[in-house]
Amino acid sequence: MNVSDWLKFSTIDRLRSSRSEFIQLAILLLVLGFSGRAADGPAKDNAPKLIAPAVSIGTGLLLEPALTLPEFPREKFEAAMATVGAEKIHRPWTNAVVPLPPHPRAEVKGLTHDEAKAYMMEAKRRFDAGEAVPLSDVGLISTQEDVIRKPMLNHIAAFSNEVARVYLLVQKTYSDNGWSYFSIVQDLTVSPPIDYFAEIRKTGPHFEATSCYKCHASGPLAIHPAREDLVLDAPLAAAIGQFIADQPRSVLFVPEDSPKPPTGEPLTLKFCARCHAEDGDRDRLFQVQSHPIRVLVDFGYMPPNRRLKPEEIAQLKAWLEKKP
Ligand code: HEC
Ligand code: HEC
């Protein structure tokens, strides 16, 4: 290569490289510009991934075939949801979790039962006044319930301040007339946090454990719409799902008049008990949780990051079929 060739070559090369630097700079500016805008925009711009649709992966663990809910075309679902009061649901939002004012008692260590109930009533009041941001869906586990096997229509709203996370569930089956109210309050002022579960009756919240423990051993549950189109605001469902997933490990408050049901044997299979253990991310699982276990595994939600191998499914099946 002679000198002039070398010069020519290197000039073109330099030109090329300066052009690529220019392109890189332009991309950088573009990215900065966009992220700058995203930071000013609504929280939705950093939206979490949408919840994967519930599709059976065919483990053979379900006791009955998966519900396909043919009685629910989208329009009928929307109409049924709106009977709660169309103005209360499917509302525009920027923050999926409604902020509550600071707790009235400073430096609180342990909410009183009355305070927990007051948070539940406040959540209901806001929902009734159209001041909540509820997601509306037909939930997966209830529709698979081996006993009821009826689709449950759910409106779920989340609220929080420094001391508490508050959840409201407004629910009915398709054939029920009225809507029922349930709530979970997580007291964050103690370690581990305490979860209060209640049905909100005409007379006010009534704490319960017996009827909730079976599905909710470790507090609030991930949102899982039973069918992709049976949810009114999928990005909101994902955002509330994210808030629930970020919750601290908590313990269930068990009132005297509503004890834990008999649990049966613990699930000790390593591929579950790695996380579901005394000192794990979630509480231990027992035979009483067979139904949610069958459903969440068959729909590929559990374990969270991989599929079970056939021999693992067989081990789980054998455990599920043991008599309590
Ligand atoms: C058959 C299982 C089952 C039982 C029993 C049950 N729940 Fe749930 N619950 C669910 C499922 C599944 C969801 C999420 C539903 C969805 O995706 O819409 C849920 C959601 C909730 C939520 C909204 C926050 C969250 O966890 O996602 C509240 C509040 C709630 N339940 C309260 C209660 C209370 C109080 C009881 C007892 C009186 C109870 N539940 C009993 C299955 C159950
Ligand atoms: C890597 C950790 C991990 C593994 C392994 C795992 N789970 Fe989970 N599991 C979670 C988390 C986190 C949640 C709560 C969030 C959710 O529901 O997505 C959960 C929720 C559940 C629930 C709902 C009740 C609850 O505790 O909230 C059931 C039932 C469940 N898992 C069953 C199983 C079974 C059965 C296996 C084994 C086949 C399994 N899980 C393996 C982390 C795990």
Side-chain angles (χ1 to χ4, degrees), residues 51-52 54 59 61 120 123-124 134-159 165-171 180-186 195-201 205-226 230-231 237 240-247 249-250 252 258 261 267-277 280-286 288-309 312-313 315-317 319-320:
I51 297 164
T59 59
L61 292 178
M120 292 174 168
K124 180 178 187 297
L135 78 95
S136 306
D137 76 351
V138 173
L140 176 66
I141 297 182
S142 308
T143 60
Q144 296 298 325
E145 177 64 286
D146 40 330
V147 185
I148 321 175
R149 209 170 153 80
K150 277 184 189 162
M152 287 285 188
L153 313 185
N154 297 332
H155 302 288
I156 293 177
F159 309 81
R165 285 171 166 237
V166 183
Y167 299 91
L168 183 75
L169 166 66
V170 184
Q171 182 177 67
S180 303
Y181 291 75
F182 300 92
S183 181
I184 305 171
V185 167
Q186 278 189 322
D195 292 339
Y196 293 93
F197 278 73
E199 180 184 354
I200 305 179
R201 301 176 176 172
H206 180 261
F207 287 147
E208 267 179 53
T210 311
S211 56
C212 315
Y213 174 79
K214 167 180 173 186
C215 298
H216 285 279
S218 294
L221 282 174
I223 304 298
H224 288 307
L230 297 186
V231 55
I240 291 185
Q242 184 63 56
F243 178 70
I244 292 173
D246 291 342
Q247 73 192 319
R249 167 75 189 266
S250 50
L252 175 71
S258 182
L267 175 59
T268 53
L269 292 169
K270 206 172 68 254
F271 48 87
C272 305
R274 194 158 76 73
C275 301
H276 294 271
D281 294 347
R282 306 291 281 181
D283 206 352
R284 284 204 293 173
L285 294 167
F286 295 89
V288 70
Q289 276 115 15
S290 290
H291 173 67
I293 291 171
R294 286 177 188 276
V295 174
L296 291 180
V297 174
D298 189 68
F299 284 78
Y301 294 122
M302 283 294 138
N305 299 318
R306 68 177 185 97
R307 290 274 166 93
L308 289 184
K309 300 186 203 111
E312 292 172 324
I313 292 174
Q315 287 172 350
L316 184 59
K317 194 156 189 275
W319 179 82
L320 284 164

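Order of listing sets the numbers, starting from 1, for every ligand and every atom in it.
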Is any N or O atom of D137, backbone or side chain, closer than 3.5 Å to an N or O atom of ligand 1?
yes
Would you check if the side chain of Y167 reaches a backbone N or O of A123 as a donor-acceptor pair within less than 3.5 Å?
no
Just by modelled atom types, is the L320 backbone N or O under 3.5 Å from a matching donor or acceptor in the S290 side chain?
no
Step through it carefully: locate the ring centre of F197, locate the ring centre of H216, and say whether they are under 6.0 Å apart.
yes
Top protein contact for atom 36 (C) of ligand 1, by heavy-atom distance:
C212 SG, 2.8 Å
Considering distance alone, does some N or O of I156 sit under 3.5 Å from an N or O of ligand 1?
no
Show the atoms of ligand 2 that are less than 4.0 angstrom away from any heavy atom in L221.
23 (C), 24 (C), 27 (O)
Separation between CD1 (I244) and CD1 (I156), nearest 0.5 Å, reads 6.5 Å
Heavy atom of the protein closest to atom 28 (C) of ligand 2 (residue, atom name, distance)
L296 CD1, 3.5 Å
Closest to atom 22 (C) of ligand 1 among protein heavy atoms sits L169 CB, 3.8 Å
Identify, by atom number and element, the atoms of ligand 1 in contact range of I223, meaning under 4.0 Å from any of its heavy atoms.
17 (O), 27 (O)
Measuring from atom CG of L61 to atom CD1 of I313, what distance do you get when rounded to the nearest 0.5 angstrom?
6.5 Å
Any atoms of ligand 2 less than 4.0 Å from a non-hydrogen atom of R274? List them with their elements.
1 (C), 5 (C)
Give a yes or no answer on whether the side chain of H155 reaches the backbone of L168 with a donor-acceptor pair at less than 3.5 Å.
no
Between ligand 1 and S142, is the shortest N or O to N or O distance under 3.5 Å?
no
Can you tell me how far CD of Q247 sits from CZ of R165, rounded to the nearest 0.5 angstrom?
6.5 Å
Checking salt bridge (charged side-chain N to carboxylate O under 4.0 Å, His left out) between E312 and each of K317, R306, R307, which is the one that passes?
R306
Does L285 approach ligand 2 within less than 4.0 angstrom via side chain, backbone, both or neither, non-hydrogen atoms only?
side chain
Judged by heavy atoms only, the candidate from Q247, R294, R282 nearest atom 13 (C) of ligand 2 is R282
Examine D283 against ligand 2 and note whether any of their N/O atoms are separated by less than 3.5 Å.
no
Which of the ligand 2 atoms, numbered from 1, are nearer than 4.0 Å to a heavy atom of S218:
26 (O)
From CA spacing to verdict: side chain to side chain contact (heavy atoms under 4.5 Å, CB included), Y213, E208
CA-CA 9 Å; Y213 174 79; E208 267 179 53; over 6 Å; no
Checking a contact table here: which protein heavy atom is nearest atom 14 (C) of ligand 1, and how many Å away?
A222 O, 3.9 Å
Side chain, backbone, both or neither: which part of A158 comes within less than 4.0 Å of ligand 1 when only heavy atoms are counted?
neither
Provide the number and element of each atom of ligand 2 under 4.0 Å from a heavy atom of P303.
5 (C), 38 (C), 41 (C)
Measure the CD1-NZ distance between I200 and K124 for me, rounded to the nearest 0.5 Å.
7.0 Å
Distance from atom 37 (C) of ligand 2 to nearest protein heavy atom, with residue and atom
C272 SG, 1.9 Å
Around atom 3 (C) of ligand 1, find the nearest protein heavy atom and jot down its residue, atom name and distance.
C215 SG, 2.7 Å
Donor-acceptor contact present, side-chain D283 to main-chain S218, <3.5 Å:
no
Any heavy atom of I244 under 4.0 Å from ligand 2? The part involved is neither
Considering both backbone and side-chain atoms of N154, is one of its nitrogen or oxygen atoms within less than 3.5 Å of a nitrogen or oxygen in ligand 1?
yes
N/O/S atom of C275 inside 2.8 Å of atom 8 (Fe) of ligand 2, strictly under
no
Give, for atom CG of L296 and atom CG of L285, the distance between the pair rounded to the nearest 0.5 Å.
9.5 Å
Closer than 3.5 angstrom, by distance alone: can the side chain of R249 be matched with the main-chain N or O of G280 as a donor-acceptor pair?
yes
What residue and heavy atom of the protein are closest to atom 7 (N) of ligand 2, and at what distance?
H276 NE2, 2.9 Å
Which residue and non-hydrogen atom of the protein lie closest to atom 5 (C) of ligand 1, and at what distance in Å?
S211 O, 3.2 Å
Selected option - heavy-atom contact closest to atom 41 (C) of ligand 2, from F271, W319, Y301:
F271
Distance-minimising heavy-atom pair for I141 and P292:
CD1-CB, 4.0 Å
From D298 atom CG to T59 atom OG1, the distance as rounded to the nearest 0.5 Å
3.5 Å
Measure the distances from the heavy atoms of K214 to every atom of ligand 1 and state whether one is below 4.0 angstrom.
no
So, does S258 use its side chain to make a donor-acceptor pair with the main chain of A209 at under 3.5 Å?
yes
Any heavy atom of P304 under 4.0 Å from ligand 2? The part involved is side chain
M302 near atom 8 (Fe) of ligand 2: N/O/S under 2.8 Å:
yes
Starting from atom 35 (C) of ligand 1, what is the nearest protein heavy atom, named by residue and atom, and what distance separates them?
A198 O, 3.4 Å
Quick check: S183 and ligand 1, any N/O pair under 3.5 Å apart?
no
Tell me whether R282 at atom CZ has more than 12 heavy atoms from other residues, nucleotides or ligands lying less than 6.0 Å away.
yes
Ligand 1 atoms in contact with E208 (distance to a heavy atom under 4.0 Å):
38 (C)
Over all heavy atoms of both residues, which pair between V288 and P261 is shortest? Give the atoms and the distance, please.
CG2-CG, 4.4 Å
Of the protein's non-hydrogen atoms, which lies at the shortest distance from atom 6 (C) of ligand 1, and what is that distance?
H216 CD2, 3.5 Å
Checking a contact table here: which protein heavy atom is nearest atom 29 (C) of ligand 1, and how many Å away?
I184 CG1, 3.5 Å
